[in-house]
Amino acid sequence: METLTPRSSNPAHVGRSNYDEEPILGVQFDDVEQQHESSIMGMWLFLSTEIMFFGGLIGAYTIYRFMSPGEFALASHHQNVPLGAFNTVVLLASSLTMALGVRAAQLHDHRAIVRWLILTAIFGTMFLGVKAIEYTTDYREHLIPAMGFQVPAEDLEKMPDMNVGRYQMYYVLYFFMTGLHAIHLIIGIGLVLVMAYLSWRHWFSGAGETQIDVTGLYWHFIDIVWVFLYPLLYLISAHASS
Amino acid sequence: MKHHVMPIRTNVEIFIILLVLLFATIGANFMPLGVLHFPVAMLFATIKAVLIFMFFMHLKYSHRYNKVVVVASFLFLGILLVFFMNDYVSRGWFRGYTDYLPVSGVATRPTESTSTGAHLTRPEA
């Protein structure tokens with residue numbers, strides 16, 4: 001049972017922090033390497049359930065876009081492509097800072113950890129801010145389903161025989177997909193800030209390498225989801241046939 | 001713990017490649033690619049996702065069982081999407097299936113419309 005005793009209570013380490021040392025080993029693990037690998041694999045397994053979670057929405061999107069390509073192309077042209085591109089750049093940049101944060105954790109550089117993690121949270125918040133601007137525009141243009149949704153008159157002129165329900169379905173899927181993505185991002189920002197605070201307080205053992213690595217996996221996954229959502233929702237070609 | 005530490009330079013290079021691919025995706029949107037438009041957009045997105053998985057998420061240097069988890073989840077997502085499309089694309093191909101539904105507990109025989117091939121056209125109703 002001696003492995004359960006934190007090293008800082010070991011007489012040889014009294015008065016010293018165990019932040020920079022090997023991680024405290026849980027009694028159920030053979031060694032710190034196995035402990036690290038189990039956490040990483042646990043996160044990958046969670047992410048595989050997330051792939052199915054978003055996969056259900058992407059499946060619904062695939063079916064409705066297949067059944068009504070014209071309506072989807074028209075509806076998607078109200079999205080702000082440059083603003084979406086800007087948001088993609090912001091999220092890719094946040095992935096870069098997160099990767100550098102994980103790198104700093106591997107090197108036990110705690111000032112760099114805090115710096116990169118806070119930068120990551122700032123980029124994430126920027127993304128949410130731009131998303132809020134886009135949602136506001138949609139609200140003004142009556143494009144939010146169940147909140148006074150109206151098919152714009154110019155689209156009805158372009159396609160008089162359109163299925164109005166399918167046109168609205170694009171926006172139902174748009175708000176569900178980007179909304180679910182935004183909820184994940186809010187959770188991610190919270191996680192990153194908690195990790196930054198705990199690193200600043202030297203709360204971890206082993207510089208929190210495992211914990212920050214796992215947080216990073218979650219963050220990069222949110223980025224990957226957006227990499228697919230952007231072309232699916234914003235970039236239905238101007239040349240798409242109806 | 002000794003883990004593979006990626007140099008800052010590699011991280012930045014991956015980021016730049018991701019940006020280039022993003023602008024390639026946007027550029028392809030305004031090209032007259034016709035039916036190829038959607039596959040091209042998805043191809044670029046997949047390359048970006050693979051780069052993030054491999055380098056930012058360290059999957060390249062990760063244990064083999066993590067790779068199995070990722071490949072398996074996308075395989076099952078693929079099965080989901082393929083069977084969705086299998087269902088929706090083939091609707092209306094076999095109108096005759098209602099002819100086999102039990103009426104008062106007895107399965108009825110195929111009607112004339114199924115044997116003449118009239119079932120291959122859509123019902124008027």
Using distance only, find each side-chain donor-acceptor pair of residues 66-75 of chain B under 3.5 Å and give its atom names and separation, not counting sequence neighbours.
residue, atom, partner, partner atom, Å
B:N66, ND2, B:S62, OG, 2.7
B:S73, OG, B:V69, O, 2.6
B:S73, OG, B:V70, O, 3.0

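- Only the side chain of A:M52 comes within contact range of chain B, with at least one heavy atom under 4.5 Å from a heavy atom of that chain.
- Around OH of B:Y65, the count of heavy atoms belonging to other residues, nucleotides or ligands within 6.0 Å exceeds 12.
- For chain B, no part of A:D31 is nearby; none of its heavy atoms comes within less than 4.5 Å.
- If you tally non-hydrogen atom pairs under 4.5 Å between each of B:I14, B:V12, B:T46 and chain A, the highest count goes to B:T46.
- Expressed to the nearest 0.5 Å, how far CG of B:N29 lies from OH of A:Y230 amounts to 8.0 Å.
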- Item | CA sep, side-chain torsions, deciding dist, call: A:F221, B:I52, side-chain contact (heavy atoms from CB on, under 4.5 Å) | CA-CA 8 Å; A:F221 177 78; B:I52 296 173; over 6 Å; no
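- Under the side chain to side chain donor-acceptor pair (under 3.5 Å) criterion, A:T178 pairs with A:Y135, not counting sequence neighbours.
- By the side chain to side chain donor-acceptor pair (under 3.5 Å) test, A:H184 pairs with A:E50, sequence neighbours left out.
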- Task: Give the C-alpha distance, both sets of side-chain angles, the deciding distance and a yes or no for side-chain contact (heavy atoms from CB on, under 4.5 Å) between B:V89 and A:F66.
- Result: CA-CA 9 Å; B:V89 171; A:F66 164 74; 3.5 Å; yes
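- Of the two parts of A:M43, neither the backbone nor the side chain holds a non-hydrogen atom closer than 4.5 Å to a non-hydrogen atom of chain B.
- A donor-acceptor distance shorter than 3.5 angstrom exists from the side chain of B:H37 to the backbone of A:L235, with no hydrogens or angles considered.
- Between chain A and the options B:F76, B:F23, B:F53, B:F55, heavy-atom pairs under 4.5 Å are most frequent for B:F53.
- A heavy-atom distance below 4.5 Å is found between the side chains of A:E37 and B:H63.
- Across all their heavy atoms, A:F228 and B:A49 have their closest contact at CE1-CB, 3.7 Å.
- Rounding to the nearest 0.5 Å places CG of B:L59 at 4.5 Å from CH2 of A:W44.
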- Task: Start with the C-alpha gap between A:D213 and B:H58, add the side-chain angles, then the distance that decides, and say whether side-chain contact (heavy atoms from CB on, under 4.5 Å) holds.
- Result: CA-CA 10 Å; A:D213 206 345; B:H58 302 151; 4.2 Å; yes
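- For B:Y61, the OH atom counts as densely surrounded, since its 6.0 Å shell holds more than 12 non-hydrogen atoms of other residues, nucleotides or ligands.
- Looking at B:L18, the atoms closer than 4.5 Å to chain A (heavy atoms on both sides) sit in the backbone and in the side chain alike.
- For B:M6, the part lying under 4.5 angstrom from a heavy atom of chain A is the backbone only.
- How far CG of B:L77 is from CD1 of A:I51: 7.5 Å, rounded to the nearest 0.5 Å.
- When B:L80, B:D87, B:L21, B:I8 are compared by the number of non-hydrogen pairs under 4.5 Å with chain A, B:I8 comes out ahead.
- Residues of residues 91-102 of chain A having a heavy atom under 4.5 Å from any heavy atom of chain B, listed by number: A:L92, A:A93, A:S95, A:L96, A:A99, A:L100, A:V102.
- The local environment of OH in A:Y64 is sparse, with at most 12 non-hydrogen atoms from other residues, nucleotides or ligands closer than 6.0 Å.
- When each of A:V227, A:L217, A:I63 is scored by its heavy-atom pairs under 4.5 Å with chain B, the top score falls to A:I63.
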- Message: One pair to check against side-chain contact (heavy atoms from CB on, under 4.5 Å): A:T62 and B:Y88. What are the steps and the verdict?
- Response: CA-CA 10 Å; A:T62 312; B:Y88 278 87; over 6 Å; no
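- Going from atom CD1 of A:I224 over to atom CZ of B:F56 covers 10.5 Å, rounded to the nearest 0.5 Å.
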